[in-house]
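Heads up, the thing below is written out as structure tokens.
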Amino acid sequence: MQNKVLGLVIALLAAGPGSSYALTFDVRGGYKAGSHSYESRYKVSESWKTG
């Protein structure tokens, strides 16, 4: 069982240069003086790249 898992991990690492996956977190915020409030924005984006 452990050899099968190790083989799968090695196979995935070997295929890595052909494709990649990226997950990006973007958190921004700012104080709005006119309304005396704090505004926050949270964004999560993902992308695949092959080549």
Side-chain angles (χ1 to χ4, degrees):
M1 176 73 177
Q2 189 176 14
N3 288 338
K4 288 182 182 180
V5 172
L6 182 61
L8 179 60
V9 169
I10 291 172
L12 289 173
L13 290 175
S19 65
S20 62
Y21 179 75
L23 185 63
T24 305
F25 295 98
D26 184 13
V27 180
R28 297 182 185 186
Y31 183 74
K32 297 182 91 175
S35 60
H36 302 289
S37 64
Y38 188 80
E39 185 177 81
S40 300
R41 184 184 84 177
Y42 303 96
K43 179 181 172 185
V44 178
S45 58
E46 58 183 324
S47 65
W48 283 94
K49 184 175 182 181
T50 59

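As the structure is a computational prediction, the values presented were derived from the model and not from experiment.
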- What's the verdict on side-chain contact (heavy atoms from CB on, under 4.5 Å) for His36 and Tyr31, showing C-alpha distance, side-chain angles and the deciding distance? CA-CA 7 Å; His36 302 289; Tyr31 183 74; 3.3 Å; yes

If you apply the rule side-chain contact (heavy atoms from CB on, under 4.5 Å), what do you find for Asp26 with Arg41, and how did you get there?
CA-CA 8 Å; Asp26 184 13; Arg41 184 184 84 177; 3.0 Å; yes

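With sequence neighbours left out, the side-chain contact (heavy atoms from CB on, under 4.5 Å) criterion links Ser40 to Tyr38, Tyr42. In this structure, the side-chain contact (heavy atoms from CB on, under 4.5 Å) partners of Ser47, at least two apart in sequence or on a different chain, are Ala22. For Glu46, the side-chain contact (heavy atoms from CB on, under 4.5 Å) partners at least two apart in sequence or on another chain are Tyr21, Leu23.
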